[in-house]
Undergrad: 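A single structure is presented below for examination.
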Amino acid sequence: MTLPSSLPLRALAAAVLPLTCALAAGAPTLDPAVRERAEALTRDGQHASIVIAVIEGKDSAVYGFGRASKGALPGADTVYEIGSVTKTMTGLLLAQAVAAGKVTLTQPVADLLPGYTMPAIKGRAITLQDLATHYSGLPRLPDNAAPTDLNDPYADYGEAQLRAFLAGHVLARAPGAAFEYSNLGYGLLGTALAAKAGKSYESLLQTQIARPLGLRSTSTILSPALRARLAPGHLADGKPAQHWNFQALAGAGAVLSTPRDMVAYLQSFMHRPDAAHKLASQPRQDLGGDKHIGLAWISDEAQGQRFVWHNGQTGGYASFAGFTRDGKRGVVVLTNTSASVDALGVASLVPGTLAPLATAPTPSQEVAIAPEALGEYVGSYALAPDFSLSVRQGPQGLLVGATGQQEAPVFASGKDAFFYKVVDAQIVFQRDASGAITALVLHQNGRAMPGQRKK
């Protein structure tokens with residue numbers, strides 16, 4: 001449900017009309033490089049619209065680019081799917097339950113769902129913290145998901161399917177042993193917290209977060225009022241995308257919101273946070289490379305500035321939310337195109353970090369590669385915690401599928417170099433000293449995005 005985009009958009013006929021809408025006096029400014037990049041992305045049709053909300057202390061401003069619903073300018077009250085940024089809300093719900101003494105982080109999730117049979121290894125149960133930090137040992141998605149509509153993949157995955165999967169699943173590793181990003185795990189966490197409260201996930205979200213913070217346009221349900229302000233989603237190739245609906249896995253990515261609501265949400269973490277907010281963003285597990293994860297929130301650093309962030313991506317949207325650890329600056333970036341906005345988010349938090357657009361390799365003519373030689377490229381490559389490219393060998397050559405998107409064929413232009421014919425994008429595989437393929441780099445829209453091969 002997140003991150004770096006796979007394939008670029010075809011051009012859309014939307015003019016770039018930057019909009020500044022101050023939500024309070026003393027509106028914060030947008031980094032010029034970020035403004036220029038957002039203008040270029042919408043002008044060139046790579047994103048239908050982008051909204052960037054910048055927070056400095058109690059002041060905030062919303063900058064809109066491109067076109068949203070019915071050709072209107074996007075603004076503070078435009079509705080977007082926030083995807084996996086939902087996980088930070090699920091993490092906060094857990095932190096609130098801990099602060100209230102209703103659960104503990106080390107408590108087995110089975111305690112909250114007595115009707116479920118939970119997998120375990122040598123008596124090591126999956127705890128609430130394991131789910132919240134992606135250390136549960138559960139896979140990214142359940143293997144019994146069989147959506148009737150691939151364009152709305154979570155709509156018909158209910159508690160019966162979730163219960164059946166868990167009862168028959170064998171963990172590959174003990175809970176707590178290693179990080180593995182899991183939408184399934186966060187969906188299970190949301191279901192467990194709702195069951196403990198005796199409410200639906202939506203009801204719990206409203207009573208514990210939305211209403212107390214005054215988030216009037218934040219919900220897992222696309223009501224008629226929200227639909228009227230929804231920026232219609234787009235696939236990375238520019239085609240219309242459906243709104244995603246959720247059942248048992250709502251806690252992983254079901255929330256819709258607006259820049260105005262997300263500003264208030266981030267400010268609840270930035271300004272005198274209570275015990276639950278502090279607990280939610282506190283680092284708890286190591287992710288390597290000076291990164292740590294709390295209850296969904298990822299702690300990171302750029303140019304000596306510590307910040308906390310999460311991102312999201314659905315079939316037609318992408319998002320980024322973050323704030324500096326000192327609470328002085330925050331940012332929300334929302335787009336109605338399934339293409340990453342992380343670079344804009346980080347550069348809005350830490351000005352001067354926006355890298356120049358990378359130059360992609362120019363594909364030459366297609367060259368033939370023996371079918372038996374293609375097998376070594378097959379695998380899954382993680383470009384982000386919740387965004388991967390899956391490479392498999394089809395009858396006519398390699399097929400590459402991106403998280404939340406359909407497969408497309410790629411064609412060899414040389415050893416370890418492949419290109420798409422349907423869009424302007426290239427993939428270059430990388431080898432270690434022994435000659436084994438360990439990674440790839442996806443070149444698209446002037447960006448180079450590395451992805452490590454999963455073991």
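Since this is a predicted model, take the numbers as computed values, not measurements.
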Undergrad: Once you round to the nearest 0.5 Å, how far does CZ of F65 lie from CG of L30?
TA: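 One finds 5.5 Å between CZ of F65 and CG of L30.
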Undergrad: Are more than 12 heavy atoms, taken from residues, nucleotides or ligands other than Q396, located less than 6.0 Å from that residue's CD atom?
TA: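 For Q396, atom CD is not crowded (no more than 12 foreign heavy atoms under 6.0 Å).
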Undergrad: Just by distance, with hydrogens left out, do D261 and T218 show a side-chain donor and acceptor under 3.5 Å apart?
TA: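 Yes - a donor-acceptor pair under 3.5 Å links their side chains.
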Undergrad: Please lay out, stage by stage, how H47 and V341 fare under the test side chain to side chain contact (heavy atoms under 4.5 Å, CB included).
TA: CA-CA 10 Å; H47 289 256; V341 288; 3.8 Å; yes
Undergrad: Less than 3.5 Å apart, any donor N or O on the side chain of Y186 or S84 sitting next to an acceptor on the other?
TA: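 Short answer, no.
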Undergrad: Could you tell me whether the side chains of S268 and H277 share a donor-acceptor contact shorter than 3.5 Å?
TA: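 On atom types as modelled, these side chains qualify, holding a pair under 3.5 Å.
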Undergrad: Ignoring hydrogens and angles, state whether a donor on the side chain of T88 or Y265 is under 3.5 Å from an acceptor on the partner side chain.
TA: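 Yes.
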Undergrad: Please determine whether a side-chain nitrogen of the Lys or Arg among K291 and E301 lies less than 4.0 Å from a carboxylate oxygen of the Asp or Glu.
TA: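 Answer for the salt bridge query: no.
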Undergrad: Do F269 and W297 have ring centres separated by under 6.0 Å?
TA: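 They qualify: ring centres under 6.0 Å apart.
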Undergrad: Taking the six-membered ring for Trp, is the centroid-to-centroid distance between F411 and Y420 below 6.0 Å?
TA: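 No, they do not, as the ring centres are separated by 6.0 Å or more.
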Undergrad: Going by salt bridge (charged side-chain N to carboxylate O under 4.0 Å, His left out), name the pairs with one or both residues in residues 223-235, residues two or more places apart or in two chains.
TA: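 As it turns out, there is no salt bridge (charged side-chain N to carboxylate O under 4.0 Å, His left out) pair with a partner in residues 223-235 once direct neighbours are skipped.
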Undergrad: Okay, side chain of H169, backbone of A167: is any donor-acceptor separation there less than 3.5 Å?
TA: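 Such a contact is absent between H169 side chain and A167 backbone.
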Undergrad: For E81 and H243, which I'm curious about, is there any donor-acceptor pair between the side chains at under 3.5 Å?
TA: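 Yes, H243 and E81 have a side-chain donor paired with an acceptor closer than 3.5 Å.
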Undergrad: Distance to the ring centre below 6.0 angstrom and angle to the axis at most 45 degrees; does that hold for K454 and Y381?
TA: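 Here K454 fails the 6.0 Å and 45° test against Y381.
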Undergrad: Indicate the atoms forming the closest heavy-atom contact of T258 with S217, along with that distance.
TA: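 Taking T258 first and S217 second, the nearest heavy atoms are CG2-CB, 3.6 Å.
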Undergrad: What do you reckon, is CZ of R163 surrounded by more than 12 foreign heavy atoms closer than 6.0 Å?
TA: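 It does: R163 CZ has more than 12 such atoms within range.
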Undergrad: Run the ring-centre check on F246 versus Y157 and record whether the distance is less than 6.0 Å.
TA: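 Centroid distance F246-Y157: not below 6.0 Å, so no.
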Undergrad: Are more than 12 heavy atoms from other residues, nucleotides or ligands located less than 6.0 Å from atom CD of E407?
TA: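 Yes, the 6.0 Å shell around CD holds more than 12 heavy atoms from other groups.
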Undergrad: Scan side-chain atoms only and decide if Q393 and Y377 contain a donor-acceptor pair under the 3.5 Å cut-off.
TA: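 The answer is no; no qualifying pair exists.
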Undergrad: Answer yes if the side chains of E202 and S219 hold a donor-acceptor pair under 3.5 Å, and no otherwise.
TA: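 Present: a donor and an acceptor within the cut-off.
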Undergrad: Determine whether P119 and L166 make a side-chain contact, defined as any pair of heavy atoms from C-beta on separated by less than 4.5 Å.
TA: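 SC-SC contact between P119 and L166 confirmed.
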Undergrad: Is it true that a side-chain atom of Y317 and a backbone atom of G233 form a donor plus acceptor pair closer than 3.5 Å?
TA: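 At least one qualifying donor-acceptor pair exists.
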Undergrad: Thinking salt bridges, do R431 and E376 make one under a 4.0 Å N-O criterion?
TA: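 Salt bridge between R431 and E376, a charged N being under 4.0 Å from a carboxylate O: yes.
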